[in-house]
Amino acid sequence: MHNIQFIRENPSEFDALLGKRGLEPCAESIIEIDKKRREIIHSAETAKAEQNAASKEVGAAKARGDEEEFQRLRALVGEKKAEIAQAEIDAKTADDELRNLLMSIPNLPFEDVPNGADENDNVEIRKWGIPAALNFDAKEHFEIASIAQHFDFERAARLSGSRFVILRGAIARLHRALGQFMIDLHVNEHELDEVFTPVLVRDEALYGTGQLPKFAEDSYKVDGEHWLIPTAEVTLTNMVYGEIVDGAELPMRMVAQTQCFRSEAGSAGRDTTGMLRQHQFEKVEMVTICDPNTSHEELERMTKCAETILQKLELPYRTVALCTGDMGFGARRTYDIEVWLPGQNTYREISSCSNCGDFQARRMNSRFRADDSKPEFLHTLNGSGLAIGRCLIAVVENGQQADGSVNLPEVLHKYLGGATKIDISGKLI
RNA sequence: GGAGACGUGGCCGAGUGGUCGAAGGCGCUCCCCUGCUAAGGGAGUAUACCUCAUAAGGGUAUCGAGGGUUCGAAUCCCUUCGUCUCCGCCA
């Protein structure tokens, strides 16, 4: 949510930065609404002050036992009541109107975020690893001879519909191993704090991170009151919902592995084969809650944490800075990490790391206090570290051999009981 | 799921319709006293918003949250969230 004070003081900067996202200028109309709101609040508060003062006189008259004066004042105050009640309703309405408006406007990109309309304008900032030169036609993950049988889309569809998968045997185990590996690395080497969270949350949590009110159709609502989280960003970030955190506890660097649920509304026809885009998938998510002064460097750190996973898995990738038009609602800066998928002969997104500034903190009313100073809004960051299903795809596609077997990255061996590959029969050996 | 109890400031805790943003204690900050330490004395110690000269000051709201009753609510009523105890169920 935006800071109205900032908009009042920097209307043209506000419009210019939103313009980079392709939005029309709106500062002037916001300021107009705010001005009206303040006038209404002022008159309501003035009326209320008069009523409060009068009530005190009533109380005083009662206290000294002046029954006649008590009755007279009481009637007098009673008369003004309706008028004041209406003024208070108007003030609340005006306040809500501004709040709802501010809630529905996306975050401002940082000045140096590349300008652009869509993903074609994203800027590659690093590249790591060299895709292996294969002397055979690379297959997609579900086509690789040894493991095709382990992806059971038909049965999953029978149970749950399209965009679900059942994993079996060596692939199910590899999937589990990947999550373990990622968490261990983040906890042991990156010093992230491991967290287990619910996957069902209330409305408030989704408002806090920005999925609501605008993107309700992207998530699943169950039992009329809970939502299935689309990402653990929701639960980890909302850890500090409504809190004033002790500055000494910052930064809070957290990691959690959870199921994620997305309706994929609006993605009809995209990535319909394979398990690249699912309604339910597993992801290791990193969230950092920090002091505003450190959020820039924390984003770099977080992005490195995600990249390290790919390096240890020996998977070629590139890191791109998203352009203004491609960034998500709450982000001020986003780096996407794209992993090489030989079967598609292209890089595909496997992680997205964003600095949200104080945007989510304002929605959550999450602040911190450093020493004796006043509470200040926190900064929040989130990033995948990594999407496990997509990582599974990358591991098998990059490890595939001419005979249809799959070589596995060394760091995973110990998570697979010492196995180093999946042989042509689909077994870990 | 059923029954009951409870939810007050950084913490503990008083307050059951009237001047309560809230006694008292702890903690913290500053000052005084005390040749270190301990003890003692004094002052201060919430947040948001509105107004205003980005001063001083004034105002509104907040006693889990949201409504209501009343001239007036931390105190009464309703709803809701949470915690605890007992029962049920369950991994």
Side-chain angles (χ1 to χ4, degrees), chain A residues 1-11 30-103 196-208 212 221-227 235 238-250 259 358 361-378:
Chain A
M1 190 169 72
H2 289 286
N3 181 0
I4 182 61
Q5 206 174 328
F6 175 84
I7 301 173
R8 284 205 290 257
E9 287 164 10
N10 311 278
I30 293 171
I31 290 169
E32 191 57 39
I33 289 168
D34 176 52
K35 189 167 171 238
K36 211 176 79 191
R37 161 185 161 268
R38 286 151 76 193
E39 281 167 9
I40 293 170
I41 287 177
H42 188 225
S43 64
E45 287 188 352
T46 306
K48 188 68 185 168
E50 285 169 12
Q51 189 193 356
N52 286 346
S55 286
K56 284 194 178 182
E57 287 180 38
V58 176
K62 178 82 171 173
R64 77 177 104 86
D66 188 344
E67 186 63 22
E68 192 182 331
E69 180 70 353
F70 169 71
Q71 291 298 348
R72 193 185 68 81
L73 288 169
R74 207 177 105 139
L76 204 67
V77 177
E79 282 170 26
K80 298 206 74 175
K81 245 191 100 178
E83 184 189 320
I84 289 161
Q86 187 57 48
E88 285 185 317
I89 289 167
D90 291 346
K92 190 173 184 334
T93 306
D95 209 39
D96 286 348
E97 185 191 358
L98 181 70
R99 186 179 168 78
N100 290 337
L101 180 60
L102 293 178
M103 282 283 252
F196 170 87
T197 80
V199 296
L200 289 168
V201 297
R202 296 214 184 96
D203 293 359
E204 289 87 331
L206 289 185
Y207 275 101
L212 290 178
K221 188 160 194 181
V222 298
D223 77 9
E225 60 175 325
H226 289 99
W227 299 80
T235 44
N238 278 286
M239 290 270 287
V240 292
Y241 187 100
E243 291 192 16
I244 298 176
V245 178
D246 182 348
E249 288 176 30
L250 302 177
Q259 301 283 334
D358 65 7
R362 285 180 181 280
R363 291 171 160 256
M364 299 186 296
N365 195 24
S366 300
R367 296 167 295 171
F368 74 102
R369 194 195 302 270
D371 302 325
D372 291 338
S373 56
K374 290 225 162 202
E376 216 182 314
F377 284 112
L378 291 156

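Numbers restart at 1 for each chain; the letters A, B, ... are given by sequence-line order, proteins then strands.
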For [N], does either OP1 or OP2 sit under 4.0 Å from a side-chain N or O belonging to [X]?
| X | N | answer |
| --- | --- | --- |
| A:Arg202 | B:rG82 | yes |
| A:Arg369 | B:rG10 | no |
| A:Arg74 | B:rU70 | no |

Mind calculating the distance between [atom1] ([X]) and [atom2] ([N]) to the nearest angstrom?
| X | N | atom1 | atom2 | result |
| --- | --- | --- | --- | --- |
| A:Arg367 | B:rG10 | CZ | P | 10 Å |
| A:Glu88 | B:rU60 | CD | P | 11 Å |
| A:Glu50 | B:rC50 | CD | P | 20 Å |
| A:Asp246 | B:rG10 | CG | C1' | 10 Å |
| A:Ile244 | B:rU45 | CD1 | C1' | 14 Å |
| A:Glu243 | B:rC11 | CD | P | 12 Å |
| A:Asp203 | B:rG66 | CG | P | 16 Å |
| A:Met1 | B:rC49 | CE | P | 10 Å |

Are the side chains of [Y] and [X] in contact, using a 4.5 Å heavy-atom criterion?
| X | Y | answer |
| --- | --- | --- |
| A:Lys81 | A:Gln51 | yes |
| A:Phe368 | A:Val240 | no |
| A:Leu98 | A:Ile4 | yes |
| A:Arg99 | A:Met1 | yes |

Is the backbone N or O of [Y] less than 3.5 Å from a side-chain atom of [X], with the two atoms forming a donor-acceptor pair by type?
| X | Y | value |
| --- | --- | --- |
| A:Arg74 | A:Val58 | no |
| A:Asn238 | A:Ala205 | yes |
| A:Ser366 | A:Glu243 | no |

For a quick check of understanding: with a heavy-atom distance under 4.0 Å over all strands, which category does [X] fall into, base, sugar-phosphate or nothing?
| X | result |
| --- | --- |
| A:Asn52 | sugar-phosphate |
| A:Gln51 | sugar-phosphate |
| A:Arg99 | nothing |
| A:Ala49 | sugar-phosphate |
| A:Arg37 | sugar-phosphate |

Pairwise [atom1] distance, [M] and [N] [rounded to whole Å]:
| N | M | atom1 | answer |
| --- | --- | --- | --- |
| B:rA73 | B:rA65 | P | 16 Å |
| B:rU62 | B:rA43 | P | 30 Å |
| B:rA5 | B:rC11 | P | 26 Å |
| B:rU29 | B:rA23 | C1' | 22 Å |
| B:rU83 | B:rU8 | C1' | 15 Å |
| B:rG59 | B:rC52 | P | 16 Å |
| B:rC84 | B:rC71 | P | 41 Å |
| B:rC78 | B:rA22 | C1' | 25 Å |

Closest-nucleotide 5' rank along RNA chain B - winner of A:Ile4 and A:Val77: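 That would be A:Ile4.
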Starting from the 5' end of RNA chain B, give me the residue, A:Asp34 or A:Ser55, whose nearest nucleotide shows up first.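 With A:Asp34 and A:Ser55 compared, the 5'-side residue is A:Asp34.
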In terms of side-chain geometry, is the basic nitrogen of A:Asp246 or A:Arg369 positioned less than 4.0 Å from the acidic oxygen of its partner?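 Salt bridge: no.
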Between A:Lys221 and A:Asp203, does any side-chain N to carboxylate O distance fall below 4.0 Å?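 Judged by the 4.0 Å cut-off on N to carboxylate O distance, A:Lys221 and A:Asp203 do form a salt bridge.
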From C-beta outward on [X], which listed nucleotide comes closest to its side chain: [options]?
| X | options | answer |
| --- | --- | --- |
| A:Arg8 | B:rC50, B:rU60, B:rU47 | B:rC50 |
| A:Lys81 | B:rG72, B:rG59, B:rG67 | B:rG72 |
| A:Glu45 | B:rC71, B:rU47, B:rU60 | B:rU60 |

Per-nucleotide pairing state of RNA chain B [Watson-Crick or G-U, under 3.5 Å; [ ] pseudoknot-crossing; | other strand]: ((((((((.[[[..)..(.....]]]((((((.......))))))((((((.....)))))).[[[[[..)....]]]]])))))))....
